[in-house]
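Accompanying notes for the structure given below.
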Number of protein chains: 2
Amino acid sequence: MSTAPAFKRLPRAVREQQMLDAAVKVFSRRGFHAASMDEIAEDAGISKPMVYAYLGTKEELFVACLHREGTRMMQAIAGAAAPDLPADERLWRGLKAFFGFVGAHRDGWAVLYRQARGEQPFAGELATMRARLVEVVAGMLDHALRAEGREITAVDLEVVAYALVGASESLADWLADHPEADPEKTATRMMNVAWLGAGQLLHGVTWRPPAG
Amino acid sequence: MSTAPAFKRLPRAVREQQMLDAAVKVFSRRGFHAASMDEIAEDAGISKPMVYAYLGTKEELFVACLHREGTRMMQAIAGAAAPDLPADERLWRGLKAFFGFVGAHRDGWAVLYRQARGEQPFAGELATMRARLVEVVAGMLDHALRAEGREITAVDLEVVAYALVGASESLADWLADHPEADPEKTATRMMNVAWLGAGQLLHGVTWRPPAG
DNA sequence: GCGTAACCCTACGCACGAGTAGGTATGCTC
DNA sequence: GAGCATACCTACTCGTGCGTAGGGTTACGC
């Protein structure tokens with residue numbers, strides 16, 4: 001007869017999720033480097049070696065966080081923007097889903113994301129995700145273009161898509177820093193800038209630099 | 001007669017610039033945390049205590065880098081976008097100056113900038129700079145609006161400005177990662193998205209979410 | 001009921017890098 | 001050429017936090 005342990009033995013899958021929850025929380029609050037594995041372990045209600053046993057080193061743990069949250073976000077967007085809708089409708093729904101997700105995870109995703117931009121080890125992971133987003137947006141624009149019998153070079157298409165994704169990311173940052181702001185209203189504003197701009201381009205209106 | 005020292009005695013102002021040059025280089029390559037003061041000192045051709053004596057702690061050094069580079073950038077933009085020009089001309093010149101600057105400092109500014117977004121201690125410094133930019137852009141749009149006898153809420157104005165600045169920042173990131181890309185061409189593309197979009201808004205065209 | 005695998009812990013080693021103590025050489029002023 | 005400020009160095013201290021060694025306990029199959 002030993003004293004009843006204060007902790008519960010839980011299956012691996014459950015603990016892993018708890019650890020990831022804790023890691024997202026701590027990484028967000030402190031930043032990648034200032035976060036300590038001890039704090040993450042404590043927050044998860046577990047001891048440090050368990051974290052190493054299940055999720056590996058600190059870097060691997062961070063990538064795991066990024067991956068889980070990123071996948072969730074992509075699913076939220078993909079689920080909202082059905083591919084058979086017209087382009088503007090898809091863009092609108094995608095934006096709404098995106099800002100809705102960020103709004104619901106202000107302290108989680110957005111901050112994790114900011115971290116990842118800086119540290120080289122994670123830039124790749126992030127670039128992959130962004131590339132997927134850009135591809136989706138570019139595909140959307142291209143589809144709308146072809147429907148009008150128009151063409152545009154692949155690079156131009158990519159850059160426009162990149163600008164739109166970038167603008168959205170920045171507004172997401174802004175949203176994360178403004179707890180009082182409404183995600184849907186932010187999405188509307190983004191749609192205004194993005195669609196009216198992209199819409200003009202789609203109709204063949206282009207801006208040209210003044211001569212000289 | 002002592003052996004001639006390998007180093008030269010230089011006035012403080014000169015050494016400080018050398019140190020900042022080295023710091024920008026090392027911070028960019030390694031990231032804030034992975035960069036060591038030893039490496040920065042070595043790269044500057046000086047010993048560590050000199051860095052501490054002149055520029056202070058690691059954080060202070062980083063802020064000094066950010067400040068110098070940021071000031072240079074703001075000057076480049078301000079010098080290009082004279083306030084008496086029409087709004088579209090100002091925006092175009094500002095964008096050209098901005099992307100020109102980033103293109104000329106690909107490894108310096110852009111990476112430094114990315115670092116600062118993540119680490120809390122520097123977020124403030126960065127936010128200040130961004131706020132100045134947003135203010136300038138918002139003022140530009142507001143001016144153009146009033147010239148047409150139109151009005152818009154301050155928040156909407158700020159968010160649109162924020163989106164434009166954000167999109168530009170993202171394209172700057174893209175530019176930094178694509179050594180072959182042409183800064184002016186990138187500025188043109190940004191102008192297309194920004195101005196056609198903003199231009200529509202300025203003419204009273206707005207996008208509204210579908211009902212339901 | 002008994003072996004074995006899965007969970008889980010306490011306690012440490014150890015490297016790394018920020019920041020400092022204390023001292024030396026050089027040039028400038030009068 | 002004595003005095004003084006400035007430029008500069010070598011060689012440490014010391015905290016912090018990643019990652020691990022080694023061992024205990026509970027559940028589950030058979």
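Source: prediction; values computed, not measured. To find a chain, count down the sequence lines: A is the first, B the second, and so on, and within it residues start at 1.
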Q: Check salt bridge (Lys or Arg N to Asp or Glu O under 4.0 Å) between A:Arg29 and all other residues, then give those that pass, not counting sequence neighbours.
A: none
Q) For A:Arg15 and A:Gln18, what are the C-alpha separation, side-chain angles and deciding distance, and is it a side chain to side chain donor-acceptor pair (under 3.5 Å)? A) CA-CA 5 Å; A:Arg15 278 281 189 245; A:Gln18 291 177 345; 2.7 Å; yes
Q: Using a 4.0 Å heavy-atom cut-off across all strands, classify B:Ser36 as base, sugar-phosphate, or nothing.
A: sugar-phosphate
Q) Between the side-chain atoms of B:Arg12 and the base atoms of D:dT6, is any donor-acceptor pair under 3.5 Å? A) no
Q: Using heavy atoms and a sub-4.0 Å distance, could you list which residues of residues 53-67 of chain B are near DNA chain D? By number, please.
A: B:Tyr54
Q. Taking atom P of C:dA6 as reference, at what distance in whole Å does atom CD of A:Glu16 sit?
A. 14 Å
Close N/O contacts between protein and nucleotides 21-24 of chain C (under 3.5 Å):
none

**Q.** Any residue of residues 24-35 of chain B with a heavy atom less than 4.0 Å from an atom of DNA chain D
**A.** none
Q. Is the closest basic N to carboxylate O distance between A:Asp21 and A:Arg68 below 4.0 Å?
A. yes
Q: Rounded off to whole Å, could you give me the CZ-to-C1' distance for the A:Arg9 and D:dT26 pair?
A: 4 Å
Q.
Which residues pass the side-chain contact (heavy atoms from CB on, under 4.5 Å) test with A:Glu89, not counting sequence neighbours?
A. A:Leu85, A:Pro86, A:Arg93, B:Pro210
(Q) Between C1' on D:dG22 and OH on A:Tyr52, what's the gap in Å once rounded to a whole number? (A) 18 Å
Q | Pairing residues for A:Glu158 by the side-chain contact (heavy atoms from CB on, under 4.5 Å) criterion, not counting sequence neighbours | A | A:Val134, B:Trp174
Q | Value in whole Å for how far the C1' atom of D:dT13 lies from NZ of B:Lys48 | A | 11 Å
Listing, residues 49-58 of chain A side-chain donor-acceptor contacts under 3.5 Å, not counting sequence neighbours, or none:
from: A:Thr57; atom 1: OG1; to: A:Glu60; atom 2: N; distance (Å): 3.4
from: A:Lys58; atom 1: NZ; to: A:Phe32; atom 2: O; distance (Å): 3.1
from: A:Lys58; atom 1: NZ; to: A:His33; atom 2: O; distance (Å): 3.3
from: A:Lys58; atom 1: NZ; to: A:Ala35; atom 2: O; distance (Å): 2.8

Q.
Mind checking if A:Met50 touches a base, just sugar-phosphate, or nothing, with heavy atoms under 4.0 Å?
A. base
**Q.** Listed partners of B:Arg114 passing side-chain contact (heavy atoms from CB on, under 4.5 Å), at least two apart
**A.** B:Val111, B:Asp173, B:Ala176, B:Asp177
Q: Please identify each residue that fulfils side-chain contact (heavy atoms from CB on, under 4.5 Å) with A:Ala172, with sequence neighbours left out.
A: A:Phe98, A:Phe99, A:Val102
Q: Using five pairs at either end of the helix from C:dG1-D:dC30 to C:dC30-D:dG1, determine the angle between the two local helix axes and round it to 10 degrees.
A: 10°
(Q) If the condition is salt bridge (Lys or Arg N to Asp or Glu O under 4.0 Å), which residues does B:Glu119 pass it with, not counting sequence neighbours? (A) none
List the atom pairs, with distances to 0.1 Å, where a side-chain N or O of residues 121-133 of chain A and a protein N or O form a donor-acceptor pair under 3.5 Å, not counting sequence neighbours.
from: A:Thr128; atom 1: OG1; to: A:Gly124; atom 2: O; distance (Å): 3.0
from: A:Arg130; atom 1: NH1; to: A:Tyr113; atom 2: OH; distance (Å): 3.4
from: A:Arg130; atom 1: NH1; to: A:Glu169; atom 2: OE1; distance (Å): 2.9
from: A:Arg130; atom 1: NH1; to: A:Glu169; atom 2: OE2; distance (Å): 3.1

